[in-house]
2 protein chains.
Amino acid sequence: MDKPTNPRRTRIQREKRELILEAALEVFAQHGFRGATIDQIAEAAGMSKPNLLYYFKSKEAIFVTLIDRLMEAWLAPLREMDAEGDPVTEVRSYIRRKIEMARDFPRESRLFANEILQGAPRTLPLLEGELKELVDEKAKIIRDWMRQGKLRQADPHHFIFAIWATTQHYADFDVQVRAVLGPDKGGEGRFEDAARFLEGLFLG
Amino acid sequence: MDKPTNPRRTRIQREKRELILEAALEVFAQHGFRGATIDQIAEAAGMSKPNLLYYFKSKEAIFVTLIDRLMEAWLAPLREMDAEGDPVTEVRSYIRRKIEMARDFPRESRLFANEILQGAPRTLPLLEGELKELVDEKAKIIRDWMRQGKLRQADPHHFIFAIWATTQHYADFDVQVRAVLGPDKGGEGRFEDAARFLEGLFLG
DNA sequence: GCAATTTTTGACCGTTTGGACAAACGTTAA
DNA sequence: TTAACGTTTGTCCAAACGGTCAAAAATTGC
C-alpha cells in the first residue's frame with residue numbers, strides 16, 4: 001500500500017498523477033480550494049472518484065502537491081536576475097518573464113492568488129523563509145543598481161512588489177481587464193501592450 | 001412576509017441586516033463565496049441560522065447585496081478624478097485614496113478580488129457596462145494630460161490598471177507583503193512607504 | 001391589557017461533500 | 001494455470017451543507 005506516495009512509482013502512476021494534477025489545477029484555479037470538489041477533479045481527469053483517491057490520499061494532498069510545484073516555477077524568474085548583468089536589461093527581462101507567465105500560466109497565477117487571499121494557510125512558512133530570503137537578496141542588488149544611477153531611485157522591496165502586482169494582475173484579473181478593454185483592445189495583443197507599458201513604467 | 005426584502009424596513013431589520021452584512025464581509029473575504037457557510041456568518045453575527053435567513057432569503061442574496069454596495073465605494077475614487085484639476089495632484093490624490101482603501105478596507109478589496117478571480121460570475125455585466133464607461137472616460141482625460149506633457153506618456157488604460165494592481169496588492173496580498181518585509185519593515189508604516197513609492201513610480 | 005405583528009428558535013429535510021472499503025478487474029511472470 | 005500485484009469501480013457512510021417550517025417568544029399599536 002501507499003505506493004502512490006512512495007517515490008518509487010510505475011509508469012501508470014506517474015501518468016495518472018500528472019493527469020490528476022492538470023485537472024486539479026484547472027478546477028482549483030476556478031473555484032478555489034473549498035469551492036472545488038473531488039468529483040469535479042475526477043471528472044475533469046476522466047476517472048472515478050475512488051480511482052482518483054487511489055493516487056492521492058486526499059483533496060488536500062493534491063492541493064499541496066500543486067502548490068509545491070508551483071512555487072519553484074514561481075520564484076525561478078526572480079532567481080535568474082543576475083547581479084553581474086546590465087541593470088536595465090535584467091529588470092526588463094524579469095518583467096518580460098513575469099508577463100509571459102501571466103499569459104501562459106494564468107491558472108497557476110490564480111491558484112497562487114487564491115492561496116494568498118485565504119491567508120496563505122499552507123504556504124506562510126515558505127513565504128517567511130525562502131521567499132523573504134530571495135527577495136531580500138535581490139532587493140540588495142537592485143538597491144546597488146539604483147545607487148549607481150542605473151535605475152531610478154526607489155524602495156527596492158516595493159519595486160519588486162509593484163512588478164509582481166502589475167504582471168500578475170493580467171492573469172488574476174483577466175476578466176476585468178478584458179471587460180474594460182473591450183473586444184477590440186482586449187484581444188490577443190493585450191499582453192504585448194502591457195509588457196511595453198510596464199517597461200516604460202519601471203524603466204522609463 | 002417578505003418584509004426584509006421590502007424597502008420599507010423597521011429599525012430592527014435595518015440594524016440586523018447591517019450586522020449580517022458586516023459578519024458576511026468578514027467570512028466571505030476570508031473563505032470566498034463557496035468556502036463560506038451560512039452557519040459561520042450567522043455565528044459571526046451572533047444569531048441562529050434560521051434567524052439570519054429571516055433577514056436574507058439566501059446566501060446568494062447576502063453576497064449580491066455586499067457586492068452591490070462595494071461597487072459604489074470602489075468606483076468613487078476614480079469618479080472623483082477631475083479633468084479640470086491639476087494632473088499631478090489629481091493622480092496623486094487618486095493613488096492616495098486607493099492606498100487608503102487598501103489599508104482601511106482590506107476585506108472589501110479581498111471580497112472583490114475573490115469575485116474577479118472566480119470569473120466575475122455576478123459582476124461581469126457591471127464590469128462591461130458601468131466600469132468600462134468610467135474607465136474609458138477617465139482614460140481620455142489622462143491621455144489629454146499626457147499629450148499636454150503634464151504626465152509621462154503611456155497607455156492610459158494600462159496606467160489605470162497599474163494603479164489598481166499596485167494599490168490593491170497591499171490589501172489582497174497583505175500576508176505575503178508582511179511575510180517578505182518582516183516584522184521590522186512590515187509594521188504600521190508599510191502603507192505610507194507604499195504610497196510614497198507609488199507616487200514616485202507613477203509621477204516621478 | 002390585549003391582540004396583531006414581528007422576531008427568534010429547535011427540529012427537520014434533501015443534497016452534496018470528502019473519504020472508506022471490499023470486491024472485481026487487469027496484468028504479469030513463474 | 002495460477003498466484004501475486006497493480007488498478008478500477010459500486011456502494012456506502014457520516015458530516016456538513018443550504019434552506020424550510022411551525023411554533024414559541026418578543027415587540028408593537030391600540
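Per chain, numbering begins at 1; letters A, B, ... match sequence-line order.
Distance, A:Phe63 CZ to C:dT17 P: 18 Å, rounded to whole Å. Rounding to whole angstrom units, CZ of residue B:Phe56 and P of D:dT20 are separated by 15 Å. Here C:dT6 presents its C1' atom at 15 Å from CZ of B:Arg17, a figure rounded to the nearest Å. Taking atom CG on B:Leu53 and atom C1' on C:dA11, their separation rounds to 15 Å, with Å as the unit. Note: CZ (B:Phe33) to P (D:dC17) measures 13 Å, nearest angstrom. Spacing between atom NZ of A:Lys59 and atom C1' of C:dT16 amounts to 11 Å, rounded to whole angstrom units. In this structure, the NZ atom of A:Lys57 is 12 Å from the C1' atom of C:dG19, given to the nearest Å. Spacing between atom CZ of A:Arg14 and atom C1' of D:dG6 amounts to 14 Å, rounded to whole angstrom units.
A:Glu199 places no side-chain N or O within 3.5 Å of a backbone atom of A:Arg92 that could act as its donor or acceptor partner. In this structure, the side chain of B:Gln40 engages the main chain of B:Thr37 through a donor-acceptor pair within 3.5 Å.
When each of C:dT8, D:dC17, C:dT17 is scored by its nearest atom to the side-chain atoms of B:Tyr55, the top-ranked nucleotide is C:dT8.
Ion pairing of B:Arg122 with B:Glu60 is present here, as a side-chain N (NZ or NE/NH1/NH2) and a carboxylate O approach within less than 4.0 Å. The pair B:Arg190-B:Asp193 does not count as a salt bridge, with every side-chain nitrogen at least 4.0 angstrom from each carboxylate oxygen.
For A:Asn51 and D:dT7, the shortest distance from a side-chain N or O to OP1 or OP2 is not below 4.0 Å. Between A:Tyr54 and D:dT8 there is no side-chain N or O to OP1 or OP2 distance below 4.0 Å. Look at B:Gln13 and you'll find a side-chain N or O under 4.0 angstrom from OP1 or OP2 of C:dT7. At D:dG6, none of the side-chain N or O atoms of A:Lys16 fall inside 4.0 Å of OP1 or OP2 (strictly under the cut-off). Residue A:Arg34 has no polar side-chain atom (N or O) positioned under 4.0 Å from OP1 or OP2 of C:dG18.
Near DNA chain D, defined here as any heavy-atom distance below 4.0 Å, the residues from residues 38-50 of chain B are B:Ile38, B:Lys49, B:Pro50, listed numerically.
B:Arg103 forms no cation-pi arrangement with B:Tyr170, by the criterion of a distance under 6.0 Å to the ring centre and an angle within 45° of the ring axis. In this structure, B:Lys98 satisfies the cation-pi test against B:Trp74, with its NZ or CZ atom closer than 6.0 Å to the six-membered ring centre and inside 45 degrees of the ring normal.
Aromatic ring pairs are classed by plane angle as parallel below 30°, tilted from 30° to 60° and perpendicular above 60°; the pair B:Phe159 and A:Phe197 is perpendicular.
Across all strands, A:Ala61 comes closer than 4.0 Å to no nucleic acid atom at all (heavy-atom distances).
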